Amino acid sequence: MNDPQSPGPVRAADRPARLTVGVVGAGRVGPALAAALALAGHRPVAASGVSDASRSRAAELLPGVPLVEPAEVLARAELVLLTVPDDALPGLVAGLAETGAVRPGQLLAHTSGRYGVGVLEPALRVGALPLALHPAMTFTGTSVDVQRLAGCSFGVTAPEELRLAAQALVIEMGGEPEWIAEEARPLYHAALALGANHLVTLVAQASELLKQAGVRAPDRMLGPLLGAALDNALRSGDAALTGPVARGDAGTVAAHIAELRAHAPGMVAGYLAMARATADRALAHGLLKPELAEDLLGVLSDGEPTR
């Protein structure tokens with residue numbers, strides 16, 4: 001934890017008592033978190049989910065746990081995980097509060113990265129205890145997710161009086177709590193989406209281009225390269241920048257753009273946007289020589305060197 005005001009180690013007296021756990025939204029996240037809580041001694045008692053995929057995930061990760069309506073999940077559980085898409089969360093919370101499904105003293109924990117505890121205000125007004133526990137990890141919907149929670153950072157937002165309980169729950173799931181201010185949640189989530197979601201797109205595009213170039217196993221070629229690049233970036237930040245843009249190789253970049261226009265025109269805009277952002281960072285950190293930047297920026301404007 002990096003919060004200088006962290007409440008410190010969790011004492012046994014501060015840990016939540018063994019709780020009955022419910023999941024509203026049996027997507028990829030909820031069943032994995034509930035399964036992790038079960039390993040810590042809590043007891044999953046109900047989940048909601050309507051799709052075949054949801055039912056399969058619940059059967060694999062929460063065997064024997066019945067699938068019921070959301071209101072019934074709240075009726076059975078002391079801790080309820082609201083693991084629905086971000087855009088569906090406000091309406092779900094409002095609906096559950098209006099219909100009387102929420103009980104005073106009930107722990108409601110959502111897993112949205114975008115929202116803090118403010119989105120739970122309708123439930124708070126009827127006595128619920130609000131937590132925002134967002135695991136900073138991608139999920140597969142399988143049992144491997146439970147193992148990946150070990151050491152996973154959680155973006156946590158909670159009222160002061162619930163910070164110890166939130167910390168304890170995250171630690172019990174194998175995670176590491178990172179305290180995020182309510183007003184910083186959207187920026188925090190944007191940062192994670194920029195890194196993780198866009199990374200998948202970049203890797204998929206690189207794989208497609210390698211296949212077109214005749215590479216039979218793009219994953220074997222990209223694995224060591226991207227693993228090293230990620231490790232270097234996390235260790236050294238912008239100092240890890242390399243490649244033709246950081247070097248100012250305008251001719252090479254122009255050749256890239258020409259090939260993309262010929263073979264994958266849908267990727268040109270993304271290449272140009274990332275190359276311009278890379279050039280800006282390389283210039284700012286003294287990696288790209290100013291005398292080479294003019295030709296490079298010309299290429300990134302029209303695809304051809306300026307001289």
Side-chain angles (χ1 to χ4, degrees), residues 19-40 42-63 65-70 73-74 77-93 96 107-117 119-120 123 130-158 166-178 180 185-186 188-193 195-197 199-200:
L19 301 169
T20 53
V21 179
V23 178
V24 175
R28 296 182 180 183
V29 178
L33 298 187
L37 287 169
L39 291 175
H42 300 284
R43 185 163 63 92
V45 293
S48 69
V50 295
S51 70
D52 291 340
S54 294
R55 293 178 180 276
S56 296
R57 278 189 289 266
E60 178 186 357
L61 294 171
L62 303 173
V65 173
L67 288 176
V68 298
E69 293 297 316
V73 173
L74 271 71
E78 297 162 311
L79 166 63
V80 179
L81 304 176
L82 303 178
T83 55
V84 298
D86 289 358
D87 288 351
L89 184 59
L92 172 67
V93 175
L96 291 171
L107 283 164
L108 288 187
H110 75 71
T111 57
S112 166
R114 170 186 171 188
Y115 291 109
V117 294
V119 72
L120 298 173
L131 303 173
L133 309 176
H134 175 252
M137 188 181 80
T138 59
F139 287 77
T140 65
T142 66
S143 58
V144 71
D145 295 333
V146 181
Q147 302 167 22
R148 286 179 175 174
L149 286 173
C152 169
S153 290
F154 279 65
V156 179
T157 305
Q167 180 183 3
L169 288 171
V170 169
I171 291 172
E172 287 180 334
M173 286 186 280
E176 178 73 14
E178 185 73 36
I180 308 296
R185 294 288 292 203
Y188 151 81
H189 195 229
L192 296 182
N197 302 157
L199 176 63
V200 174

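Numbering of residues begins at 1 and proceeds along the displayed sequence. Keep in mind it's a predicted model, so treat the numbers as computed, not measured.
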Other residues, nucleotides and ligands only: do more than 12 of their heavy atoms fall within 6.0 Å of CD on Glu69?
no

Of the non-hydrogen atoms in Met137 and Cys152, which two are nearest, and what is the gap between them?
CB-SG, 3.8 Å

Between atom CZ of Phe154 and atom CD of Glu176, what is the distance when rounded to the nearest 0.5 Å?
10.5 Å

Decide yes or no on side-chain contact (heavy atoms from CB on, under 4.5 Å) for His110 and Leu120, but give the supporting numbers first.
CA-CA 9 Å; His110 75 71; Leu120 298 173; 3.9 Å; yes

Not counting sequence neighbours, which residues clear side chain to side chain donor-acceptor pair (under 3.5 Å) with Tyr188? List them please.
His134

Taking side chain to side chain donor-acceptor pair (under 3.5 Å) as the test, write out the residues that go with Thr142, two or more places apart.
Thr140

Nearest heavy-atom approach of Pro177 to Val170 is N-CG1, 3.7 Å

From OG (Ser143) to CD (Gln147), nearest 0.5 Å
6.0 Å

Tightest non-hydrogen contact, residues Ser54 and Ala26, listed as OG-O, 3.1 Å

Interatomic spacing from CZ in Arg28 to CG in Leu61 - rounded to 0.5 Å
12.5 Å

Any side-chain to backbone donor/acceptor pair from Arg57 onto Gly30? Under 3.5 Å, distance only.
no

Within the distance-only criterion (no hydrogens, no angle test), does the side chain of Thr83 pair as donor or acceptor with the backbone N or O of Gly25 below 3.5 angstrom?
yes

Shortest non-hydrogen contact from Asp145 toward Ala32
CB-CB, 3.8 Å

Heavy-atom donor-acceptor pair, Ser112 side chain to Asp86 backbone, under 3.5 Å:
no

If the condition is salt bridge (Lys or Arg N to Asp or Glu O under 4.0 Å), which residues does Arg114 pass it with, not counting sequence neighbours?
Asp87

Could you walk me through whether Met173 and Leu37 satisfy the side-chain contact (heavy atoms from CB on, under 4.5 Å) test, starting with their C-alpha distance in whole Å, then the side-chain angles of each, then the deciding distance to 0.1 Å, before giving a yes or no?
CA-CA 6 Å; Met173 286 186 280; Leu37 287 169; 3.6 Å; yes

Scanning both residues in full, the closest heavy-atom pair of Ala166 with Leu131 reads CB-CD2, 3.9 Å

Calculate, to the nearest 0.5 Å, the distance between atoms OG1 and CG belonging to Thr138 and Leu192 respectively.
11.0 Å

Check whether any side-chain heavy atom of Leu96 lies under 4.5 Å from a side-chain heavy atom of Pro70, and answer yes or no.
yes

Going by atom types only, do Thr20 and Glu78 share a side-chain donor-acceptor pair under 3.5 Å?
yes

I need the Leu33 CG to Leu149 CG distance, nearest 0.5 Å.
6.0 Å

Checking side-chain contact (heavy atoms from CB on, under 4.5 Å) for the pair His42/Leu79: CA distance, chi angles, key distance, verdict?
CA-CA 10 Å; His42 300 284; Leu79 166 63; 5.9 Å; no

Criterion side-chain contact (heavy atoms from CB on, under 4.5 Å) on Leu81 and Val29, from CA distance to verdict:
CA-CA 10 Å; Leu81 304 176; Val29 178; over 6 Å; no

Nearest non-hydrogen partners of Val93 and Val119, listed with the distance
CG1-O, 3.7 Å

Rounded to the nearest 0.5 Å, how far apart are OG1 of Thr111 and CG of Leu82?
8.0 Å

